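Working notes, beginning with the structure itself.
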2 protein chains.
Amino acid sequence: MAAQKKGAGGKQPTINDVAALAGVSKKTVSRVINRSEFLTEKTRKAVEQAIETLGFVPNPQARALAFRRNFLIALLHDNPNAQTVLNFQQGVLDAIKDSDLALLVRPVDRGSERMLDDVRTFLEKQRPIGALLLPPISENDDLAALCEDLGVRYVRVGSAPLDDAKHCVSSNDREVVAEAVRALIALRHRRIGFVRGPQGFRSAAEREKGFMEALSEAGLDLPAAYNAPGNYRYAAGIEAGEALLSLSEPPTAIFCSNDEMAAGVMSVAHAKRIDVPGALSIIGFDDSPTATHIWPALSTVRWPIREMGVRAAKTLVPDFLPLAGKVDESDSGVLNSTFIQRQSVASPQR
Amino acid sequence: MAAQKKGAGGKQPTINDVAALAGVSKKTVSRVINRSEFLTEKTRKAVEQAIETLGFVPNPQARALAFRRNFLIALLHDNPNAQTVLNFQQGVLDAIKDSDLALLVRPVDRGSERMLDDVRTFLEKQRPIGALLLPPISENDDLAALCEDLGVRYVRVGSAPLDDAKHCVSSNDREVVAEAVRALIALRHRRIGFVRGPQGFRSAAEREKGFMEALSEAGLDLPAAYNAPGNYRYAAGIEAGEALLSLSEPPTAIFCSNDEMAAGVMSVAHAKRIDVPGALSIIGFDDSPTATHIWPALSTVRWPIREMGVRAAKTLVPDFLPLAGKVDESDSGVLNSTFIQRQSVASPQR
DNA sequence: ATCAATATTGACACCGGTTACCAAAATGAC
DNA sequence: GTCATTTTGGTAACCGGTGTCAATATTGAT
């Protein structure tokens, strides 16, 4: 049984009750709550004892008022991939679990002209301690400037460093994409197609760089016909698949900038009775649920989104989190993505 | 350009500033803010003028403290399906967009023994106006009782009415599953398999009821070997598929209690070179992204999760929302799910 | 042991609203 | 014109914490 709590009628004990019971002043209790350093072990113990006995929980509203800041972290996102958002959320929640913080979620409408004003109003009203910016909106410099301006801490999440390490958590997507493509080359693929991500997205650019890097290392080049546009949507994968697989000399492997588009390409292959992976290898990116739900299971790149959530939270509010696992100051804030081999890749048939 | 806001340095005006400028007391300003009726038109005008001039916005933290309640809605969930959670979130956000409310998200660990205590602490701390309970955790009566006990409004979301209409929003899953299965029967399927959801879940029970209803209407029965256990996971779909499709007389159609398991069954079919939908029709449930990403695209049932989010919010805090689109009191709170036909269903081959 | 220096603790105002309650002004009846 | 009744405005307390800075307790040096 956990702490004995009072029923519906019973009022929450306040800091005054705790102070009275412990025989100290309000302020001292406040110090204990806020982990002030200037406290005798004895006093601290006494207060903690009283807190325990009463089942006291500091009232966040009162703290927020006095502190002029809510004990909240805002998660700003416009990512269409639900699993990504939720995994990240989960990571953040892992990190703040034993703290006093709570998580406020705020989808942002990138398209809207009023976006910045909306976010400003939101931040002014809610006054969170900090904001976490998920890609692709994390790439918006105005947003970061806005946070700065409003005195809201922020951390941007990206596929490559977007800011200094204090304000950014990222993964090494480029390297890992290159690694994945090298794996194709090692399997003796020479005709390798590419399905791009949307224009102007940093994530898409990084993936493309990684792809091109691996290709040029091997002395291969990318014929224009093998380079298909995309926008991270399934439908774009279908189109790209139709285009690439209708060529007189189609690629034997296709790297898609995300899993959804890979699923689209795979559907086209199935429809055209092209054997995967026998006649066509496919690689995606994200390791979304889709990657394992389609058949054959998709080789893909997993970015450590949940870990990034943990890291982002730790970077954002190190001083509010339980002492365990502080982020090393000298850390670059770059986490490792991983290439995951599944059944959609094999050597090309002769 | 929206409202002219002061820069980083400029402080927010307070109710005192407004009072001073308007030449009245704090209380009078407060009355204007809260639309008290006992005011001279002249006074009201003066105050509103001052508010306008200063660009005054009441501080939510201070109001929360005085009200003893935060202007927040908590979303409690333990749903493994990210898309579902996010769609629901989106619906809630649609509903509260022009209000003073914000959304707090809180995943809940159903397995944990401390779950109830955790939630209690959370609610006591955050003091949201209300809580939204997503399935399957919405089925937990203790949780509803806890909200009641703490004076937190709540609305439970379910696949069938779980509570009175003031506390519940649901969909008519049973009927629509029956409709889907009737469609199979109309296509002359007679050997129809079923992959169950997890034990003890209301959603699973409703889907099963709908399935059995349609079967018995048609005078068909479900052989034990056609009734496979499942837990909503892809792996369970694989197992079920292996079992059902290895039978000497396998079903010609399989209804799976969710899309993930349907994807599993479909993978087994592909691996066994069983043509879908030619030799095997498959239906899922949820209309998750997976449903469209797999090949062939999955016929499935979509529950109106986003609309349910809107509805749930309106039911929870009608008095805090913009006047538009109030929920009709007499409404039962039941929304319609839809059967979606895609390519995974056809008449059985002779 | 004494005194300065430093570590702890407490008193009190304040964060920005709301509510309770009282006083003043306005209205109306006689 | 006087008194009771209804409006309206003001004051002070309060919601439950935190900041400032002075007061007190400890510690170390001499």
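Residue numbering restarts at 1 for every chain, and letters A, B, ... go by the order of the sequence lines. Quick caveat: nothing in here was measured; it's all calculated off a predicted structure. Scope of the values below: all heavy atoms of this structure, side chains included, with no hydrogens, waters or symmetry mates.
If you check C:dG17, C:dA20, D:dG17 against the side chain of B:I15, the one that comes closest is C:dG17. Which of D:dT18, C:dT9, C:dG16 sits closest to the side chain of B:T14 comes down to C:dG16. For A:K27, taking side-chain heavy atoms from C-beta onward, the closest of the listed nucleotides D:dG19, D:dG17, C:dT18 is D:dG19.
Nucleic acid contact for B:F56: sugar-phosphate only, since backbone atoms but no base atoms lie under 4.0 Å from a heavy atom of the residue.
One atom, CG of A:L65, and another, P of D:dC14, lie 17 Å apart when rounded to the nearest Å. D:dT26 atom P lies 14 Å from atom CG of A:L39, rounded to whole Å. Atom pair B:R44:CZ and D:dT7:C1' shows a separation of 13 Å (rounding to whole Å applied). Rounded to a whole Å, the CZ atom of B:F67 is 18 Å from the P atom of C:dG16. Atom CZ of A:F38 is separated from atom P of C:dA7 by 8 Å (rounded to the nearest Å). One can place CZ of B:R69 at 22 Å from P of D:dC14, the figure rounded to the nearest angstrom. Straight-line distance from the CG atom of B:D100 to the P atom of C:dG17: 13 Å, rounded to whole Å. Between A:N16 atom CG and C:dG10 atom C1' there is a gap of 13 Å when expressed in whole angstrom units.
A close approach under 4.0 Å does occur between a side-chain nitrogen or oxygen of A:S25 and OP1 or OP2 of C:dG10. Note on B:R68: every side-chain N or O is 4.0 Å or more away from OP1 and OP2 of D:dC15. For A:T43, no side-chain nitrogen or oxygen approaches OP1 or OP2 of C:dT8 to under 4.0 Å. The phosphate of D:dT18 (OP1 or OP2) has a side-chain N or O of A:S30 nearer than 4.0 angstrom. Residue B:N59 has no polar side-chain atom (N or O) positioned under 4.0 Å from OP1 or OP2 of C:dC15. Remark: B:T28 is in phosphate contact with D:dG10, judged by side-chain N or O atoms under 4.0 Å from OP1 or OP2.
Counting only heavy atoms from C-beta outward, the side chains of B:D17 and B:L21 never approach each other to under 4.5 Å.
Not one N or O on the side chain of B:N87 forms a donor-acceptor pair closer than 3.5 Å with the backbone of B:T84. Judged by distance alone, with hydrogens and angles left aside, the side-chain atoms of A:N70 form a donor-acceptor pair with the main-chain N or O of A:Q126 at under 3.5 Å.
Counting distance only, with no hydrogens placed and no angle test, the side-chain atoms of A:R31 and the base atoms of C:dG10 include a donor-acceptor pair under 3.5 Å.
The salt bridge (charged side-chain N to carboxylate O under 4.0 Å, His left out) analysis of residues 126-139 of chain B, with sequence neighbours excluded, yields no pairs.
Between B:K26 and A:V29, the residue anchored closer to the 5' end of DNA chain D is B:K26, taking for each the nucleotide with the nearest heavy atom.
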Worked check of salt bridge (charged side-chain N to carboxylate O under 4.0 Å, His left out) between A:D141 and A:R156: CA-CA 10 Å; A:D141 290 327; A:R156 308 163 75 169; 2.7 Å; yes
